[in-house]
Amino acid sequence: MSTTDLSEQEIIRRNSLTDLRDMGIEPYPQAGYEVNATSHDIREVFDPEKGNFQNVSMAGRVMSRRIMGKASFAELMDEKGRIQLYFNRDEICPGEDKTLYNEVFKKHLDIGDFIGVKGYAFVTQTGEKSLHIKEFTLLSKSLRVLPVVKEKDGVLYDAFTDPEQRYRQRYVDLVVNPQVKEVFIKRAKIINTMRQMFNEQGYLEVETPILQAIPGGAAARPFTTHHNALNIPLYLRVANELYLKRLIVGGFDGVYEFAKDFRNEGMDRTHNPEFTVMEIYVAYKDYFWMMEFTEQMLERVAMALHGHTKVKVGNNEIDFKAPYRRLTMTDAIKERTGIDITGMNEDQLRKTCKDLHVEVDATFGKGKMIDELFGSKCEHYLIQPTFITDYPIEMSPLCKRHRSNPELTERFELMVNGKELCNAYTELNDPIDQLGRFQDQMKLSEKGDDEAMFIDLDFVRALEYGMPPTSGMGIGIDRLTMFMTGQESIQDVLFFPQMRPEKKAKVDGPEDFVNIGVPEVWAEHLIKAGYTSVAKLKEEKATQIHQNLNGFRKKNKLEIPALQLNEVEKWLNG
RNA sequence: GAUUCAGUAGCUCAGUCGGUAGAGCACAUCCCUUUUAAGGAUGGGGUCCUGGGUUCGAAUCCCAGCUGGAUCACCA
């Protein structure tokens, strides 16, 4: 990077770097720094009566400075928060040489720099617990200017708020917006609470392939990649269900995985192309058992996080206290529309959808129409946690047929705040039925349903060896985190949400064109003719550029010689 | 994908009717013996997202593009 690209403040900081080195101070020292207290300790544990924390060594980032003659205050931020530091010139520099205070501290230390400090805790005249500094060490210099966010009585001043910058430069967001950190600490706590519960039951945490030759387990469009050595296409998994069930076949009675899944579909407030799902499979259980397990799990997560079960999401207060309401899909539709779809055939359903202004097309089978009905008429009304049960067989190819109605499956989804949170089955373990269902999916696919599942014959083979009765459940960790922390956008529960890559529209000057061999008389005209950068010029064919430029010369009656094609070719190859 | 809003200093934002680009914080210089959004004074800092167009003149009006947000559509 040339210095011309830098702002004034960045140049000043780089100059400080040189000055510090000239003084014999290394701005990026190798040695570690002993830390024996955190800002939290001073704020909460330090007690002036007890006289503790009198020999403290701390490290962190300088977040503000107030210099008043020979005395200064600064704020140090470590992982636990901020603590005020007091510097006195004659204590930092006991002898005649006041360079360390006047030059190093006052001139060459900036907001954002990491320093280490040693001193003792005390209370200032205004009553703030602070650290009286006896010596300080520069640990790492910051060359970019952090946004300075100030806060008084809970009101933020000059907050760093632009979503694009916050997501692209999450490191800055985390430094200056402490509440952002909290969301991610809670996210970790959610996962740890679940893991702890599963481990207590003796279930095994496993890892299964992300690169799959057949992307199975969910109806979704996968990302495609290619393996060079095998010379085959591979897909990024859309689900891990089929692998976890293979492990149940193999003899594990309870397996779970916190898995990154990938779906090549739209992005919005609740969808990111890569997202985290927890899937768990337990042998000898059915979906009734799984409902109880799920509600207990969520209640426990809420308690671990908040100490109670009520959570505010947008304008709604959601109570995760078990048990949750159970409602069959048909009853849900009946409740909202007054229409009982029990026993309807495809034509009757199509007419019902039409009457209710639910859009369906010819590729839709029975199951998908029922799903549309539910999706548009019921889903967003289900605010409090509700188990929707007994889905049509057509849309649940991995789920066991309902014990009392062969058109339905033993499946539930947990709806919260109008959104799907969990999905669970009494798993299909009849290999012949499974193969048939896969074949039905093929037919749907041929009919034009581009989400229909592929046939995984190895999975069928595994079932043929025998899988015990099993219930499985999947839960979206990102959405769960959104609910549990009250965030309304998935981007706020992912450290690095997917963004379009940053690109600067590069505009070159005439000298850049001269560098690749363009005559000076032409360089400026090239830019006017629309070739605003060398890269843009090189994207085009020499013949086309040649014609365009000579056309430009003629049109503008330029008093310069016409170009030859071989000249243009030289620029492109140069 | 559609609609819509936005993009101005390191950050947060003003910018009237089209007429020399502004504030606060941050930064620099000087002064200053414990301050709390926090000392005081002075000063520097701009590709007004990019490219075209209209105009004597564009941050401002028009067109196209880029990036992001919101809403909708799609999507488990």
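Chain identifiers are assigned alphabetically (A, B, ...) following the order of the sequence lines, protein sequences preceding nucleic acid strands; residue numbering begins at 1 within each chain.
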Notebook entry, point to check: Are A:S72 and A:Y101 close enough that a side-chain donor and a side-chain acceptor fall under 3.5 Å?
Noted result: yes

Next item on the list: Examine B:A26: is either OP1 or OP2 under 4.0 Å from a nitrogen or oxygen in the side chain of A:K150? Give yes or no.
Entry: yes

Note to self: Taking side-chain contact (heavy atoms from CB on, under 4.5 Å) as the definition, give me every residue that meets it alongside A:E44, ordered by chain and number, with sequence neighbours left out.
What the structure shows: A:H40

Item checked: Polar side-chain contact A:T124-B:U36 base: donor and acceptor under 3.5 Å -> yes

Check: Given A:T409, which of A:M395, A:K400, A:R437 fulfils the side chain to side chain contact (heavy atoms under 4.5 Å, CB included) condition?
Finding: A:R437

Which donor-acceptor pairs under 3.5 Å do side chains of residues 477-485 of chain A form with protein atoms, sequence neighbours excluded?
| unit_1 | atom_1 | unit_2 | atom_2 | d |
| --- | --- | --- | --- | --- |
| A:D478 | OD1 | A:R187 | NH1 | 2.9 |
| A:D478 | OD1 | A:R187 | NH2 | 3.0 |
| A:D478 | OD2 | A:T276 | N | 2.8 |
| A:R479 | NH1 | A:E420 | O | 3.0 |
| A:R479 | NH2 | A:H271 | NE2 | 3.4 |
| A:T481 | OG1 | A:I477 | O | 2.7 |
| A:T485 | OG1 | A:T481 | O | 2.6 |

Checklist line | First encountered from the 5' end of RNA chain B, between A:G69 and A:E164 | finding: A:G69

Notebook entry, point to check: Expressed in whole Å, how much space separates the C1' atoms belonging to B:U42 and B:U47?
Noted result: 29 Å

Check: Reading nucleotides 4-14 of chain B 5' to 3', which nucleotides get B (base under 4.0 Å from a protein heavy atom), which S (sugar-phosphate only), which -?
Finding: ------BSS--

Next item on the list: Assess whether one donor atom and one acceptor atom, taken from the side chain of A:D110 and the base of B:C27, lie less than 3.5 Å apart.
Entry: no

Checklist line | Atom-to-atom span, CD1 of A:I12 to P of B:A28 - whole angstrom | finding: 6 Å

Check: When the ring planes of A:F105 and A:F87 are compared, do they come out parallel, tilted or perpendicular, using 30° and 60° as the limits?
Finding: tilted

Next item on the list: Indicate yes or no for a side-chain donor-acceptor contact from A:D173 to the backbone of A:V176 under 3.5 Å, with no hydrogens or angles considered.
Entry: no

Check: Below 3.5 Å, does any donor atom in the side chain of A:Q84 face an acceptor in the base of B:U35, or the other way round?
Finding: yes

